[in-house]
Amino acid sequence: MLDINFIRNNPDKIKQAIANKHENAASIDEILELDVQRRSTIYACEQLKSKRNERSKAVNELKKKGQDASGIIEETKKIGDEIKSSEEKLKGLESQMNNLLLRIPNVPSADTPVGKDEKDNVVVKTWGNRKVFDFTPLPHWELGRILDILDLERSSKISGSGFILLKGLGAKLERALFSFMLDLHTREHGYTELFPPFLVNRTAMTGTGQLPKLEEDMYRTTVDDLFLVPTAEVPVTNIHRDEIFSYKDLPVYYTAYTPCFRREAGSYGKDTRGIIRVHQFNKVELVKLVRPETSYHELELLVGNAEKVLQLLGLEYRIVKLCTGDMSFAAAKCYDIEVWSPGLDKFLEVSSCSNFEDFQSRRINVRFRDEDGKIGFVHTLNGSGLALPRTVIALLETYQQKDGSIVIPDVLYPYMSGIKVIDKKEFK
RNA sequence: GGAGAGGUGGCUGAGUGGCUUAAAGCGACGGUUUGCUAAACCGUUGUAGGGACUAAAUCCCUACCCCGGGUUCGAAUCCCGGCCUCUCCGCCA
């Protein structure tokens, strides 16, 4: 959520930013109009309350002296009625304004390229060499079928399409990967590991910005109005809601593994083969709460932490700076990390690392007190470190051999009980 | 799920309708004293919104004792609803 004072002082800047994100800017003028009404109503209402407080004291004085106060009481009753109607009016104005404010996207950072869609993103880095095969590399779903580690026919039997059933060493590889990632981020990168709830309430979902805009993309339990987490960002960022940090306690680095649940409404027919786009997947998330002046530096560090996973796994990737049109609702700046898939012959997004500045912290009311005792909103950041299915795709496809077996990268040996190759018994 | 108890400032904890501007203590911060530390003593101590002006400082007002309603001239206090915590019982991995 943007600061109403900021909107009041920079309406044109914000309208431009919204246009660059391809969202509807019409509500800015409406918000400003509501704000004027709101403030004059507050003023009127507080004048009345002040008057009432004065009268009540006078009643008490008279009663103490044993005098009759019925005149003042009658008069003050009327003030009470006026206050009530004034408060109702104010409540209406505030909820209208708030509803509009919650739907205003964040303003992109100054160095974010202005653009329409993913074609206008800018590649800022590439890492690793293109793997050369002396045979035609298979896509992961073929490898998964041959090795009997991925069974999409049976997962659709129990859940439907877009759900993954891993078997044998495929299941073990999944567990190995997120354990490896968590250990890397906690041991080498200074993150504290969390294991949060997978169901969260509506307030948490609104705090990080998934609601109200993306409700149709979330799985919701109707009886209790709880949502299955679409990313660990939601529970983790919301942990410190309504808290004030001491400057001594910042920055805060959290990492968490969770499954992620997404209905992917509106993306039917896209990436339907294999496990490129699924309704449930595993992910290790990185979340930071930092001082505002450090947040852009922290974003670079966070991207580096996520990259490290791919470097250690020896997988080719590139980093893309997203343009205004391709960026998410809440982000001010965003890098995507894309891993190379030899079987699909394209890059796949495995991480999206964003600085939200104070957009989320305003919604969830997370602040800090600096050395001078001044209070301000923290900046929040997050990024995947990494999302599992596409990492698995790249790993299987990159390390496949002619007979379909998979060579495990050595950093994973300890997590695979020393197993170095996934192969089908028939190949032995 | 049943029965009971509770939710007050950074923390502990008083407070049964106006003498509360929320007591007291602890902590934190500042000062005095001190070779240093400690102790003692003195002082300070929340958040948000609105206004005085354009900004900062300052001042004034309003709100906030879990949340939302209600009663009342007046609510931390009384009433109703909700959420959460604790204890016991039941059920359960």
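To find a chain, count down the sequence lines: A is the first, B the second, and so on, and within it residues start at 1.
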Looking at RNA chain B, which of [range] put a heavy atom within less than 4.0 Å of it?
range                       : value
residues 356-376 of chain A : A/Arg367, A/Arg369, A/Ile375
residues 64-75 of chain A   : A/Ile73
residues 192-207 of chain A : none

Item checked: Inter- and intrachain pairs under ring-ring contact (aromatic ring centres under 6.0 Å, His included), touching residues 350-397 of chain A, at least two apart -> A/Phe329-A/Phe359

Base, sugar-phosphate, or nothing for [X], non-hydrogen atoms under 4.0 angstrom?
X       : answer
A/Lys51 : nothing
A/Thr76 : sugar-phosphate
A/Lys78 : nothing

Counting only pairs under 3.5 Å, give me each side-chain donor-acceptor contact of residues 228-237 of chain A, with atom names and distances, residues two or more places apart or in other chains.
residue, atom, partner, partner atom, Å
A/Thr231, OG1, A/Glu233, N, 3.0
A/Thr231, OG1, A/Lys283, NZ, 2.9
A/Glu233, OE1, A/Asn382, ND2, 3.4
A/Glu233, OE2, A/Gln360, NE2, 2.8
A/Glu233, OE2, A/Asn382, ND2, 3.2
A/Thr237, OG1, A/Glu233, O, 2.6

Margin query: Applying salt bridge (charged side-chain N to carboxylate O under 4.0 Å, His left out), can you list everything that pairs with A/Glu142, at least two apart in sequence or on another chain?
Written below: A/Arg145

Margin query: My understanding is that only residues two or more places apart in sequence, or in another chain, count here; which of them pass salt bridge (charged side-chain N to carboxylate O under 4.0 Å, His left out) with A/Asp3?
Written below: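 Once residues adjacent in sequence are excluded, the partners of A/Asp3 under the salt bridge (charged side-chain N to carboxylate O under 4.0 Å, His left out) criterion are A/Arg362.
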
Notebook entry, point to check: Got a sec: does the NE2 of A/His297 have more than 12 other heavy atoms crowding it under 6.0 Å?
Noted result: no

Notebook entry, point to check: Would the number of heavy atoms belonging to other residues, nucleotides or ligands and lying under 6.0 Å from NZ of A/Lys167 be above 12?
Noted result: yes

Next item on the list: If the plane angle is over 60° it's perpendicular, under 30° parallel, otherwise tilted; pick one for A/His240 and A/Tyr254.
Entry: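 The arrangement is parallel - the two ring planes meet at less than 30°.
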
Next item on the list: Just jot down the side chain to side chain contact (heavy atoms under 4.5 Å, CB included) partners of A/Arg103, sequence neighbours excluded, or say none.
Entry: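 A/Arg103 satisfies side chain to side chain contact (heavy atoms under 4.5 Å, CB included) with A/Pro212 once adjacent residues are dropped.
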
Next item on the list: Tell me, please, which residues at least two apart from A/Leu62 pass side chain to side chain contact (heavy atoms under 4.5 Å, CB included).
Entry: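 Once residues adjacent in sequence are excluded, the partners of A/Leu62 under the side chain to side chain contact (heavy atoms under 4.5 Å, CB included) criterion are A/Gln67, A/Ala69, A/Ile72.
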
Check: So, A/Tyr296 versus A/Asp111: side-chain donor-acceptor pair below 3.5 Å or not?
Finding: no

Notebook entry, point to check: Using a heavy-atom cut-off of 4.0 Å to chain A, what are the terminal contacting nucleotides of RNA chain B, in 5' to 3' order?
Noted result: B/G18 to B/G74

Notebook entry, point to check: Is any side-chain heavy atom of A/Tyr415 less than 4.5 Å from a side-chain heavy atom of A/Met181?
Noted result: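 No; the side chains remain at least 4.5 Å from each other.
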
Notebook entry, point to check: Can you list every salt bridge (Lys or Arg N to Asp or Glu O under 4.0 Å) pair that touches residues 369-381 of chain A, not counting sequence neighbours?
Noted result: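 Non-adjacent pairs meeting salt bridge (Lys or Arg N to Asp or Glu O under 4.0 Å): A/Arg291-A/Glu371.
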
Notebook entry, point to check: Going by the salt bridge (Lys or Arg N to Asp or Glu O under 4.0 Å) test, which pairs reach into residues 241-265 of chain A, not counting sequence neighbours?
Noted result: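 For residues 241-265 of chain A, and leaving out neighbouring residues, the salt bridge (Lys or Arg N to Asp or Glu O under 4.0 Å) pairs sorted by first residue read A/Glu264-A/Arg277.
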
